[in-house]
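Let me begin by presenting the structure, written as structure tokens, before commenting on it.
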Amino acid sequence: MRFEVNGTPVDAAPSPGQCARTLLREHGHTEVKKGCDAGDCGACAVLLDGQPVHSCIIPAVRLDGRSVTTAAGLAPGDDLHPVQERLVEDFGFQCGFCTAGMSVTASTLTAADIPDLDRRMKGSLCRCTGYRPIRQAITEATLGPVRETGRAEPEGDTGDGASGVGRSVHPTNARRIVQGLEPFTFDAPDPPGTLVLRVLGSPHAHARIRSIDTTAARGIPGVVAVFTHEDAPAKRFSTARHEHRTDDPDDTRVLDDTVRFEGQRVAAVVAENAAAADAALALIDVDYEVLPAVFDPDEARRPGAPLLHPDRTPDDRVAEAGRNVVADIHAGSRDDADRALAASAVTAGGTWRTGRVSHAQLETHGAVGWRDDEGRLVIRSSTQVPFLTRGELAHLFDLPEERIRVHTARVGGGFGGKQEIFTEDLVALAVLRTGRPVRYEMTRAEEFRRTSVRHPFRVRVELGADAAGVLTAMTVDVLSDTGAYGNHAIGVMFHALSESLDVYRCPTKRVDAEVVYTNNVPSGAFRGYGLGQVILGVESAMDMLAEKLGIDPFELRRRNMVSDGDPLHPDDLVWGSYGLDQCLDLAQDALARGNGAAAPDGPQWRVGEGMAVAMIATLAPRGHISHAAAVLRPDGTVGLRTGTAEFGNGTTTVHRQIAASALGLPFERIDLVTADTDAVAHDTGAFASAGITVAGKALHAACLQLRERMLRAAVAVAGSGTAAAVPTPDGILVGDRLVSFAELVAAAPADESTADGLIGRGEEHGDQRSLAFNVHAVRVAVDTTTGTVRILQSVQAADAGTVLNPAQCRGQVEGGAAQGIGSALYEEVLVVDGRVANPAFRQYRVPQMGDIPDTEVYFADTSDALGPFGAKSMSESPYNPVAPAIGNAIARALGARPFRQPFTRERVWRVAQGLTDPD
């Protein structure tokens, strides 16, 4: 058949049942992305004869004789469509995976559509931005500029030059991103002869594999190999990645003869094409011995419960395998806490439960592997941690690390979910066994069933205070469900009970916590890393205390919050800066001003306000390492090398801004290679909000060293030991002598240069950590007849230190707030007897544009002593206070409190009717 794509004729012969998305990608149109393959997300949107469609649900044969327009063809040549221009100018993307499809759908809108914009764009999902800049960009492209909501940048002139730190500099690849031309993991060309890998999942939550017969599967034409537990390394490991691999329990095999959750890998087929691989999966004959399963975490630790990993020991980092307990904490005196509570003038508390949340990043997990010309194993992966992935692959397959290269293209979102090894180990196994290139790209259903979710917690909190509202006692009891495997179980539990409690001064604290195995889908790293679950309980109890005492909730926090100069624990925490007091003032003032939004008409609507506080350390404990390099070339350009990954966190832009400011060079003359184990010595990875505070600090050190070497070389070339050396865009001015960049490079000593030019190196080990703060406040209206919650005003004040790129940092806060709103009101991975019941976006309820209000963002005026140019981290932390703020507002509106998150319509309705929420 023949059709046109962006005006160019295409001859094609689609396979039976093929969809338009895959056909377009086969013909080089990788701007058409895969987010769901179910018509739910819009990442694959194209125009078909001028009408927007989701190409993943359009049969390829329907393209015959028709015209297709992709994001790359919305405007002639290299031009951009007006909506794409505005998406660039308004910072309307972060990871950018959704942006091409978003721009296609938005390109068809007219002025008449703007009043109904939320409905017109409901089929286009964005997980990163919170939709405000997208909404603004579409409206401006259609109607002209619109008024800003909230404060976009810190007041005053904070910038260091036109493109240095403090300025809202646009990403250099922004135009390619809005056209869909910036390559993600599966957009770069695969090596010739690449095989396709598919996985057979377990139909049982707990079973022992008696036997697997793969004979029929191997007989399918095109099948190259079938792998089972008999072919996998015997070593146990953890899919979780940390700087120290001993932070997580060794309880996982690449393929295991015991399956512990429904969907767990049983076998992998590698074939010449997807059709052969899928056909082979259906022919694998597995004989299972079904074992008793346990799904409730409280039951899992009781005597007689089925044991998931009975042979694991404390040496494997499993505390009590005989009780399914991975780790526990018991701190403080129970007797002291009981006495302090009994002596308190007032007490408040309760038990809160949080649900499972999917990361729902638009790009699914995946990896491509091959052997390079030197025989090294090469993995291109959608990962946040390329160096840690390389290290674990070397451990699993007994290879020297230098024989493995792991790198990323642009990563389409992560939120902690890609701080794991979910595909790379299988790809490595297949490449090493077959000698052929192999690719494994997860489906959206696999994402829900086979990766990880946010840890569901049961959090019991009781607070005591004197009559003035000063805390006298705090007890916290936590039960965390890690699911079938312990990836991140220990770290999440310990982190959950750190800053969430330490934000308040209290003389008597008692903490009890356990994290346990169940036969549920595994939990893992998620934005906030456990803090949000405990903050929900603590901040809700603080609000209850404020109500009992008749004290304003902001004021109650002021009376109890930790202050600059207070003792900190552990010892690596320091007061680099302090802005919590400012954040409270900014949020309270914004809420008092209001925004003019009124509750809907009708007596059934009740209005309430709520707020919550969050504190977070600016990087992970016990070391987070980054190495960086900056190379001055003879032509005056600078090449930067870092190891951290870009997945919407904005580091590729901010790192170049840091270099521009440190070196005094134009932003445009600086390029960057990142997330490649061949680029630098080591980088722990892009998690714990370390992109600026660790990788950025290492890069700053490299640039400062390069600058010092440039100045020293210029003085030597000029032959002047007294004249000041001044950097300029054209070289170094020494007195009246301008030393060119080529002269600087030529004069560099051998130990300060490479084949490319004069080099500076830097590293950061994360030996000290500062603290960042966020305060969220909301006004909501609640419909008592339906349980509908409508957010009338959303405000977040953030202590980010020096804001290096205000527009990008604002976007991080808005995106974190939006994700917090989603998990507060809508999102929950439903698990019934171990089975994920809603493994698709349309069932899971990722928030759409109409679900997320604009959040007003305000930055405290601080500068941190530890961060580069005074910056702090601000990626995870905006998420943490949102759900408790909303819960507190609902409670104030109804006079009754919800205790189970998400606060869905059904649950809020039950609260409004005075009914008990079923456990």
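What you are looking at is a predicted structure, and each value in this text was computed from that prediction instead of being measured.
Between Y288 and H204, the angle of the ring planes goes over 60°, which puts this pair in the perpendicular group of the 30/60° scheme.
How far CZ of F295 is from CG of N520: 6.5 Å, rounded to the nearest 0.5 Å. Taken from CD in Q264 to OG1 in T252, the straight-line distance is 8.0 Å, to the nearest 0.5 Å. The CG atom of L281 lies 6.0 Å from the CG atom of L200; values are rounded to the nearest 0.5 Å. Distance check: T99 OG1 to L362 CG gives 9.0 Å after rounding to the nearest 0.5 Å. Atom CG of D247 and atom OG of S238 lie 9.5 Å apart (nearest 0.5 Å). Between the CZ atom in F3 and the NE2 atom in H27 there is a gap of 6.0 Å [rounded to 0.5 Å].
Salt bridge status for R439 with E441: present, with a side-chain N to carboxylate O gap under 4.0 Å. D250 and R245 are joined by a salt bridge, as a carboxylate oxygen and a charged side-chain nitrogen come within less than 4.0 angstrom of each other. Taking the charged nitrogens against the carboxylate oxygens, D37 and R21 do have a contact shorter than 4.0 Å, which makes a salt bridge. Salt bridge status for D251 with R236: absent, with no side-chain N to carboxylate O gap under 4.0 Å. Between D678 and R376 there is a salt bridge, since at least one side-chain N of the basic residue sits less than 4.0 Å from a carboxylate O of the acidic one. In summary, R356 and D481 engage in a salt bridge, as defined by a charged side-chain N under 4.0 Å from a carboxylate O. Salt-bridge formation is not detected for the pair R208/D257: no Lys NZ or Arg NE/NH1/NH2 atom is positioned less than 4.0 Å from an Asp or Glu carboxylate oxygen. Salt bridge K418/E363: present, at least one basic N to carboxylate O contact under 4.0 Å. A salt bridge links R198 to D278: one of the charged nitrogens lies within less than 4.0 Å of a carboxylate oxygen. K235 has a carboxylate O that lies under 4.0 Å from a charged side-chain N of D398, or vice versa, which qualifies the two as a salt bridge. Salt bridge E401/R390: present, at least one basic N to carboxylate O contact under 4.0 Å.
Side-chain contact check for F227 versus T434: some heavy-atom pair is nearer than 4.5 Å. Two residues are said to be in side-chain contact when any heavy atoms from C-beta on lie closer than 4.5 Å; N519 and L308 meet this criterion. You'll find the side chain of C128 reaches within 4.5 Å of the side chain of F415, heavy atoms only. S523 is not listed as a side-chain neighbour of V492, based on a closest heavy-atom distance of 4.5 Å or more. Side-chain atoms of Y485 and V326, non-hydrogen and from C-beta on, never get closer than 4.5 Å to each other. Two residues are said to be in side-chain contact when any heavy atoms from C-beta on lie closer than 4.5 Å; N838 and V829 meet this criterion. Side chains of R845 and E827 form no contact here, defined as non-hydrogen atoms less than 4.5 Å apart. For the pair V196/V270, no side-chain contact is recorded, criterion being any heavy-atom separation below 4.5 Å from C-beta on.
Contacts of H206 classified as ring-ring contact (aromatic ring centres under 6.0 Å, His included), with partners at least two apart in sequence or in another chain: none. Residues that satisfy the ring-ring contact (aromatic ring centres under 6.0 Å, His included) test with H359, not counting sequence neighbours, are F526. Every side chain to side chain contact (heavy atoms under 4.5 Å, CB included) that P306 has, sequence neighbours left out, goes to P292, V294.
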Show your reasoning for whether side chain to side chain contact (heavy atoms under 4.5 Å, CB included) applies to R835 and D833. CA-CA 6 Å; R835 178 180 59 86; D833 293 335; 5.9 Å; no
In sequence, state the C-alpha distance, the side-chain angles, and the governing distance for T70 and N6, and then conclude on side-chain hydrogen bond (donor to acceptor under 3.5 Å, both in side chains). CA-CA 7 Å; T70 71; N6 300 333; 3.0 Å; yes
Audit row: E447, T364, side-chain hydrogen bond (donor to acceptor under 3.5 Å, both in side chains) steps and yes/no: CA-CA 7 Å; E447 285 287 322; T364 60; 4.6 Å; no
Before giving the answer on side chain to side chain contact (heavy atoms under 4.5 Å, CB included), spell out for C19 and I58 the whole-Å C-alpha distance, their side-chain angles and the decisive distance to 0.1 Å. CA-CA 6 Å; C19 71; I58 299 295; over 6 Å; no
Apply the test side chain to side chain contact (heavy atoms under 4.5 Å, CB included) to residues L432 and L399: give CA-CA distance (whole Å), side-chain angles for both, the deciding distance (0.1 Å), then the verdict. CA-CA 11 Å; L432 294 173; L399 293 172; 4.2 Å; yes
Would T214 and T228 count as a side chain to side chain contact (heavy atoms under 4.5 Å, CB included) here? Give the steps. CA-CA 9 Å; T214 63; T228 71; 3.9 Å; yes
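With hydrogens and angles ignored, the 3.5 Å screen pairs no side-chain donor or acceptor of T239 with any backbone N or O of E420. Here the side chain of D676 pairs no donor or acceptor atom with the backbone of G643 at under 3.5 angstrom.
Across all non-hydrogen atoms, the minimal contact from A45 to V104 is O-CG2, 3.6 Å. Residue V318 comes nearest to R312 through the heavy atom pair CG2-CB, 3.7 Å, listed as atom of the first residue, atom of the second, then distance. Heavy atoms only, all atoms of each residue included: A38 and C56 are closest at N-SG, 3.6 Å. When every heavy atom of N324 is checked against every heavy atom of L307, the shortest pair comes out as OD1-CA, 3.5 Å. Shortest non-hydrogen contact noted between V406 and P386 is CB-O, 3.5 Å.
S381 and E424 are linked by a side-chain donor-acceptor pair at a separation below 3.5 angstrom, with hydrogens and angles left out of the test. A donor atom on one side chain and an acceptor atom on the other are found under 3.5 Å apart for Q18 and E26. With hydrogens and angles left out, the side-chain atoms of Q419 and Y529 include no donor and acceptor closer than 3.5 Å. For T215 and D213, the side-chain atoms include at least one donor-acceptor pair closer than 3.5 Å. Side chains of E243 and T684: a donor on one and an acceptor on the other come within 3.5 Å.
A distance of 6.0 Å or more separates the ring centres of H455 and H488. Here the two rings, on H309 and Y517, have centers that are under 6.0 Å apart.
Of the candidates R410, R25, R176, R25 is the only one forming a salt bridge (charged side-chain N to carboxylate O under 4.0 Å, His left out) with D187.
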